[in-house]
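Reading through the structure tokens given below for one structure.
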Amino acid sequence: MVFIPSMRLPLRSTAIGFLIIAMVIGIPGRSSVRAQSPETKSFAPPGKEVPSLGNNHIGGPSDPHMPYNSIPPTSGPHFPYIAKWGVSKTPIADELQVHNLEDGGVMIQYNCQNCDVLVAQLEKFAVKYNRVIVAPYPKMKTPIALTAWGRIDTMDQADEDRIDRFIKAYMGIDHHVRE
């Protein structure tokens with residue numbers, strides 16, 4: 001048996017070599033377009049960051065604690081139990097809602113008079129997502145506030161896409177301190 005070198009071997013080796021080089025340096029046009037795409041170039045997490053006040057538990061409503069650094073609150077001292085997920089027709093105590101945020105929840109709160117249409121629009125999010133609470137919050141200055149652990153977004157009117165982005169970005173993230 002006589003061995004005759006095949007012309008395929010050099011072509012195959014060359015193709016493999018080019019493939020390796022392309023993987024190492026990137027395929028022109030593909031990776032550079034992704035790096036400069038509007039989605040990655042201008043991505044910013046929804047809402048504004050609020051410095052954490054920690055997550056200490058307090059026993060009850062009469063226990064003194066430091067003041068919150070946002071209205072509504074986004075972190076800080078809270079009760080050792082949570083509010084029921086869904087829709088609340090009454091305001092939820094700050095110390096209670098903070099624990100819901102710590103457990104990966106999102107609060108959608110409103111402050112308006114005769115705004116049944118807006119409230120109905122916001123309540124749809126409590127049905128759509130399992131870790132959301134929609135409730136009135138008379139202490140805030142804007143009609144709508146979204147809060148998650150360490151994040152807040154306020155708005156004058158409901159922007160459903162913006163609310164969806166906020167919920168999807170933060171819902172389900174646990175913030176308990178692990179020791």
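Just so you know, these numbers use all the heavy atoms, side chains as well, and skip hydrogens, waters and symmetry mates. For reference, positions follow the sequence shown, starting with 1. Small disclaimer: the values here were computed from a predicted structure and weren't measured.
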Side chain to side chain contact (heavy atoms under 4.5 Å, CB included) partners for Val50, two or more places apart: Asn69, Ser70, Thr74, Ile152
Stepwise side chain to side chain contact (heavy atoms under 4.5 Å, CB included) check, Lys124 with Val127: CA-CA 5 Å; Lys124 290 178 186 176; Val127 173; 5.7 Å; no
Between CD1 on residue Ile173 and CG on residue Asp103, distance to nearest 0.5 Å: 13.0 Å
Distance in Å, Cys115 SG paired with Gln157 CD, rounded so as to fall on 0.5 Å steps: 13.0 Å
Heavy-atom pair with the smallest gap, counting every atom of Ser88 and Tyr110: O-OH, 4.3 Å
N-O pairing of Arg162 and Asp153 below 4.0 Å: yes
Trace of the side chain to side chain contact (heavy atoms under 4.5 Å, CB included) decision for Ile163 with Phe125: CA-CA 8 Å; Ile163 295 169; Phe125 290 99; 3.7 Å; yes
Considering all heavy atoms, the nearest Leu101-Val106 contact: CD2-CA, 4.2 Å
Donor-acceptor contact below 3.5 Å, side chain Tyr129 vs main chain Lys168: no
Shortest non-hydrogen separation from Val134 to Ala126 and the atoms involved: CG2-CB, 3.9 Å
May I have the list of side-chain donor-acceptor pairs in residues 89-96 shorter than 3.5 Å, sequence neighbours left out?
| from | atom 1 | to | atom 2 | distance (Å) |
| --- | --- | --- | --- | --- |
| Lys89 | NZ | Glu123 | OE2 | 2.6 |
| Asp94 | OD1 | Tyr137 | OH | 2.7 |
| Asp94 | OD2 | Tyr137 | OH | 3.3 |
| Asp94 | OD2 | Lys139 | NZ | 2.9 |
| Glu95 | OE2 | His65 | NE2 | 2.8 |

Distance-only polar pair, side chains of Asn55 and His99, donor-acceptor under 3.5 Å: no
Sequence-distant partners of Asn111, side-chain hydrogen bond (donor to acceptor under 3.5 Å, both in side chains), two or more places apart: none
Heavy-atom closest contact (Pro136 atom, Gln109 atom, distance): O-OE1, 4.2 Å
Flag, side chain of Arg151 to backbone of Pro46, donor-acceptor distance under 3.5 Å: yes
Atom pair CG/CG of Leu146 and Asp164 - distance to nearest 0.5 Å: 10.5 Å
Beyond-backbone contact of Val87 with Val119, side-chain heavy atoms, under 4.5 angstrom: no
Flag side-chain contact, heavy atom, 4.5 Å: Pro72 against Met107: no
Min side-chain heavy-atom separation Ser75-Tyr68 under 4.5 Å: no
CD1-CE distance between Ile108 and Met155, expressed to the nearest 0.5 angstrom: 8.5 Å
Note, Ile133 side chain near Gln97 side chain (heavy atom, < 4.5 Å): no
Geometric class of the Trp149/His78 ring pair [parallel <30°, tilted 30-60°, perpendicular >60°]: perpendicular
Side chain proximity check, Asp159 to Ile144, heavy atoms < 4.5 angstrom: no
Val98 side chain reached by Phe79 side chain, heavy atoms, under 4.5 Å: no
Min side-chain heavy-atom separation Met171-Phe166 under 4.5 Å: no
Check: Asn100 and Arg131 side chains under 4.5 Å, non-hydrogen atoms: no
